[in-house]
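What follows is a short report on a single structure.
Every chain is numbered from 1, with letters handed out A, B, ... down the list of sequences.
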Amino acid sequence: MTILEELSRRVGDVFAEAELDRQYGRVKLADRPDLAQFQCNGALAAAKAARQNPRALAEKICQTLRSDAAFKDVSIAGPGFINITLADDDLARRLGAIIEGDRLGGWKTPEPEKILLDYGGPNVAKPLHVGHLRTAIIGESLKRIFRFAGDVVVGDVHLGDWGLPMGQLITELKREQGDLVYFDAAFEGAYPDQPPVLLMDLERLYPQASAACKADRARADEARQATAELQKGRPGYIALWKHFVAVSRQAIEKEYEDLGVIFDLWKGEADAAPLIQEMAADLASKGLIEDSDGAQVIRVASDGDNKKIPPLMLFKSDGGVTYGATDLATILDRVRTENPDRIIYVVDQRQALHFEQVFRAAGLAGLFAANRLEHIGFGTMNGKDGKPFKTREGGVLRLREMIDMVTERAQARLAENGLAEGYDDAETTDIARKVGVAALKFADLSNPRSSDYIFDLDRFMAFEGKTGPYLLYARVRVRSVLAKAEAAGAGAPGEVKITAPEERDLALVLLGFGDALRQAHNKRLPHLLCDHAFLLAQAFSKFYAGCRIADEADQAVRASRMALADASGRQLELILDLLGIQAPERM
RNA sequence: GACCCCGUAGCUCAGUAGGAUAGAGCAUCAGAUUCCUAAUCUGAGGGCCGCAGGUUCGAAUCCUGCCGGGGUCGCCA
């Protein structure tokens with residue numbers, strides 16, 4: 001149980017004794033840290049509901065609470081706020097209890113679920129660009145948060161490998177190397193193992209094809225035709241397509257790795273393709289499919305809707321498969337292969353309507369309960385002009401270039417500050433990459449995911465204030481001071497005793513981890529964990545500035561402070577891991 | 001046109017079960033290092049919470065209207 005859950009239960013009991021709803025006992029961190037550590041505003045609402053005097057009711061609650069030795073102070077303020085401050089002994093005892101284990105107070109979900117997490121969504125033959133950044137970063141963090149909280153998570157990259165771009169690639173390659181065996185419809189032998197293209201070829205062919213199809217209707221028809229043949233299983237195209245996917249995946253996987261993003265499954269739209277006919281037949285037999293202007297749709301609106309939900313299109317008027325059909329069939333595939341309790345999609349907020357349609361259709365079709373399908377949307381990363389981020393030339397910035405850019409900046413900052421002096425080149429480069437990526441990821445994660453944010457390299461790379469590097473720096477300082485202490489024979493960390501205000505504040509923050517994790521998990525909001533990480537780094541920095549640790553003369557105080565430092569370091573490390581941020585050993 | 005999101009300090013943003021004096025970071029100004037990494041710490045100034053009504057003992061938060069910005073609305077994914 002987290003500290004707020006525990007205190008809420010304690011105060012809730014008292015409300016219950018007074019024959020009031022125990023929900024009124026909800027305790028939260030105090031808005032006024034100058035007055036107390038925790039507060040409960042329930043007496044106000046309870047008094048209103050029970051037609052009682054709020055101050056009198058609060059006083060009654062307080063009297064019971066005051067008998068508890070865990071509380072140093074329980075008082076009433078204003079119209080009936082109950083302010084609570086823990087006794088230092090109790091604070092130390094609670095902290096002692098959470099720092100013994102590996103979880104450091106990390107909350108565990110009471111109802112673990114098997115979650116299939118759909119994030120990433122890269123496309124074959126298209127290099128990753130900044131548009132892929134948020135889903136990767138947010139998805140990876142959510143995966144780690146869920147897992148640590150006790151859920152079973154399967155992360156699926158859900159590769160875009162089955163649409164029109166595949167046909168475009170095929171036809172484009174045909175124009176360049178039409179004599180390849182893959183294009184010979186009469187060929188019946190085995191196709192070569194070696195791919196006919198390199199990554200650089202794909203990266204050239206795709207934009208070429210895409211532009212050509214836009215400009216020339218005939219080319220577009222040709223690509224559509226090839227797509228249809230591929231999807232029908234033309235052997236040469238399938239063989240070629242497999243090469244495209246393999247070549248592309250290798251590159252994509254490497255880039256995700258540099259970002260610290262790792263998937264359990266590398267499935268794609270193509271994996272759902274074989275199920276589409278079967279699914280469509282089932283939907284049809286249930287009378288859910290309708291013809292609309294030649295297209296096949298499923299109506300998902302219901303009477304209670306306060307907004308219009310258009311039907312989900314499954315098949316286009318030319319018979320082509322839409323991503324609505326693919327997404328539905330993917331659910332079927334996931335049920336059969338993974339059988340999750342819940343499927344969560346980490347995809348741009350702009351696709352909210354599409355998911356609403358798909359979820360409703362899945363529910364109607366009996367594929368999956370709509371309330372166990374979740375779209376975790378996020379806002380766009382904008383440039384300083386407030387519009388989706390573009391390079392100065394107006395193009396999309398590749399992820400690779402982005403990572404190089406932040407690494408370079410970090411390197412420059414290291415040199416400027418005279419940090420990492422005397423480290424060899426390899427370590428300096430490694431530190432720079434970690435610092436740069438941490439800055440990037442923390443900047444992204446620390447925004448509430450549903451809002452847009454402005455990408456400002458100068459701000460992210462400033463490294464002062466609420467940034468990734470600030471967290472890394474705090475962690476490095478913990479390590480450093482503990483190493484110094486050990487070298488000086490300062491003894492082992494011991495029992496926590498509160499002797500200074502900085503220690504009390506730090507202990508309180510450390511105890512807040514459980515609630516931060518619980519909220520981040522339940523609301524699927526990693527930024528709440530970022531807030532906690534920053535609070536922790538800040539509290540540690542104040543403690544570090546205000547209290548001697550390694551060379552504190554009093555042995556018991558020294559042992560206590562080392563325990564506080566150690567706990568801070570380990571909790572920070574754990575949180576960085578949950579955020580998917582890699583930390584250097586020193587910097 | 002319909003629907004959704006947003007509008008809070010000079011800048012970027014928190015504040016999502018209505019509660020005390022609306023917070024943080026940056027920037028600005030003033031300080032701190034004989035001492036564990038100063039990418040740090042301490043302090044100060046800075047606000048008609050878009051506007052106007054309403055509900056309430058109490059509203060940045062809930063309701064209505066208006067203004068401004070962004071997004072979505074069947075044959076791209």
Side-chain angles (χ1 to χ4, degrees), chain A residues 23 26 28 30-32 34-35 39 41 44-45 48 54 77-81 83 121 123 160 162-165 269 292-297 305-318 320 322-324 326-327 347-354 357 377 379-380 382 384 386-388 413-414 416-419 435 443 446-448 450-454 456 458-459 462-467 469-470 472-474 476-485 487-488 490 502 523 525 527-528 531 534-535 537-538 541-552 561 565 586-587:
Chain A
Q23 292 299 319
R26 202 171 67 93
K28 60 173 194 166
D31 291 331
R32 295 277 308 270
D34 52 321
L35 298 180
Q39 66 180 346
N41 297 349
L44 290 162
K48 191 175 190 173
F81 303 108
N83 285 335
N123 295 304
W162 202 238
L164 183 62
E269 294 165 343
S292 172
D293 296 335
Q296 306 289 304
V297 304
D305 293 345
N306 55 356
K307 56 181 174 182
K308 278 185 233 161
I309 307 285
L312 178 70
M313 185 186 291
L314 299 177
F315 302 103
K316 297 184 271 192
S317 47
D318 67 359
T322 67
Y323 78 131
T326 306
D327 281 354
V347 180
D348 193 309
Q349 187 61 38
R350 287 176 292 190
Q351 294 199 35
L353 180 59
H354 168 70
Q357 293 171 294
T380 51
N382 294 336
K384 284 183 187 172
K387 293 180 183 150
R413 280 301 304 241
L414 283 172
E416 248 172 66
N417 291 26
L419 288 158
V435 169
S446 58
N447 291 285
S450 58
S451 48
D452 297 343
Y453 75 102
I454 293 181
D456 180 342
D458 293 327
R459 194 160 59 80
F463 297 167
E464 274 96 37
K466 193 173 177 179
T467 63
Y470 178 83
L472 300 186
Y473 185 63
V476 159
R477 293 219 286 184
V478 174
R479 284 187 158 264
S480 174
V481 72
L482 288 176
K484 282 249 159 67
E502 290 91 347
K523 296 181 176 176
L525 290 173
H527 87 274
L528 297 174
D531 286 348
F534 180 63
L535 279 178
Q538 219 173 20
S541 293
K542 288 176 187 184
F543 163 68
Y544 181 88
C547 300
R548 301 307 303 172
I549 301 167
D551 54 7
E552 162 61 39
R561 287 183 179 167
R586 52 180 191 170
M587 58 192 275

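A stem is defined here as three or more consecutive Watson-Crick or G-U pairs, each with both distances under 3.5 Å; for RNA chain B these stems are B:1-7 with B:67-73, B:10-13 with B:23-26, B:28-32 with B:40-44, B:50-54 with B:62-66.
The residues A:E464 and A:R413 are annotated as salt-bridged, a charged nitrogen and a carboxylate oxygen being separated by less than 4.0 angstrom.
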Step-by-step side chain to side chain contact (heavy atoms under 4.5 Å, CB included) determination, A:R479 to A:V476
CA-CA 5 Å; A:R479 284 187 158 264; A:V476 159; 5.6 Å; no
What verdict does the side chain to side chain contact (heavy atoms under 4.5 Å, CB included) test give for A:E502 and A:Y544, after you've listed the backbone C-alpha separation in whole Å, the side-chain angles of each residue and the deciding distance to 0.1 Å?
CA-CA 9 Å; A:E502 290 91 347; A:Y544 181 88; over 6 Å; no
Walk me through whether A:R477 and A:S541 qualify under side chain to side chain contact (heavy atoms under 4.5 Å, CB included).
CA-CA 9 Å; A:R477 293 219 286 184; A:S541 293; 3.7 Å; yes
Given side chain to side chain contact (heavy atoms under 4.5 Å, CB included), test A:T380 with A:R350 step by step and report yes or no.
CA-CA 9 Å; A:T380 51; A:R350 287 176 292 190; 3.3 Å; yes
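In this structure, CG on A:D531 lies 4.0 Å from NZ on A:K466, to the nearest 0.5 angstrom. Taken from CG in A:L414 to CD in A:E416, the straight-line distance is 9.5 Å, to the nearest 0.5 Å. How far CZ of A:R561 is from CG of A:D551: 10.0 Å, rounded to the nearest 0.5 Å. To the nearest 0.5 Å, atom OG of residue A:S450 and atom NE2 of residue A:H527 are 8.5 Å apart.
Between B:rU16 and B:rG23, the distance separating the two P atoms is 14 Å to the nearest Å. With both ends at atom P, the span from B:rG43 to B:rG53 equals 40 Å, rounded to whole Å. The P atoms of B:rG45 and B:rG7 are separated by 27 Å, rounded to the nearest whole Å. To the nearest whole angstrom, the two C1' atoms, one in B:rC51 and one in B:rG68, are 10 Å apart. A gap of 14 Å separates the C1' atoms of B:rC11 and B:rG47, to the nearest Å. Separation of the P atoms belonging to B:rA20 and B:rG1 is 39 Å when rounded to the nearest angstrom. The P atoms of B:rC5 and B:rA14 are separated by 15 Å, rounded to the nearest whole Å. Straight-line distance between the P atoms of B:rC13 and B:rU8: roughly 9 Å, to the nearest whole Å.
Not one N or O on the side chain of A:N41 forms a donor-acceptor pair closer than 3.5 Å with the backbone of A:F81. The closest donor-acceptor contact from the side chain of A:Q357 to the backbone of A:P311 lies under 3.5 Å. Remark: the backbone N or O of A:G324 is paired with a side-chain donor or acceptor of A:T322 at under 3.5 angstrom.
Whole-Å rounding puts the A:E416 CD to B:rU40 P distance at 13 Å. Across the protein-nucleic acid pair, A:K308 atom NZ and B:rG1 atom P stand 13 Å apart, rounded to whole Å. Following rounding to the nearest Å, A:Q538 (CD) and B:rG23 (C1') show an atom-to-atom distance of 12 Å. Rounded to whole Å, the distance from CG on A:L414 to P on B:rU37 is 17 Å. One interatomic measurement links the two molecules: CD of A:Q349 to P of B:rC5, which rounds to 9 Å at whole-angstrom precision.
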Per-nucleotide protein contact along nucleotides 72-77 of chain B, 5' to 3', at a 4.0 Å heavy-atom cut-off (B base, S sugar-phosphate only, - neither), is S-BBSB
Would you mind building the protein contact string for nucleotides 8-20 of chain B? One character per nucleotide, 5' to 3', B for base within reach (heavy atoms under 4.0 Å), S for sugar-phosphate only, - for untouched.
----SSS--B-BB
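At the phosphate of B:rU42, OP1 or OP2 sits under 4.0 Å from a side-chain N or O atom of A:K542.
For A:D456, the side-chain hydrogen bond (donor to acceptor under 3.5 Å, both in side chains) criterion is met by no residue, not counting sequence neighbours. Looking at residues two or more places apart in sequence or on another chain, you find no side-chain contact (heavy atoms from CB on, under 4.5 Å) involving A:A488.
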Each nucleotide N or O in nucleotides 33-36 of chain B that has a protein N or O under 3.5 Å away: list the pair and distance.
residue: B:rC35; atom: O2'; partner: A:R548; partner atom: NH2; Å: 2.6
residue: B:rC35; atom: O2; partner: A:R548; partner atom: NH1; Å: 2.8
residue: B:rC36; atom: O3'; partner: A:K484; partner atom: NZ; Å: 3.0
residue: B:rC36; atom: O2; partner: A:A550; partner atom: N; Å: 3.0
residue: B:rC36; atom: N3; partner: A:I549; partner atom: N; Å: 3.1
residue: B:rC36; atom: N4; partner: A:Y544; partner atom: O; Å: 2.7
residue: B:rC36; atom: N4; partner: A:C547; partner atom: O; Å: 2.4

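Relative ring orientation between A:Y323 and A:H354 is described as parallel, the plane-to-plane angle staying below 30° on a 0-90° scale split at 30° and 60°.
A:K307 comes within 4.0 angstrom of the backbone, heavy atoms only, and of no base.
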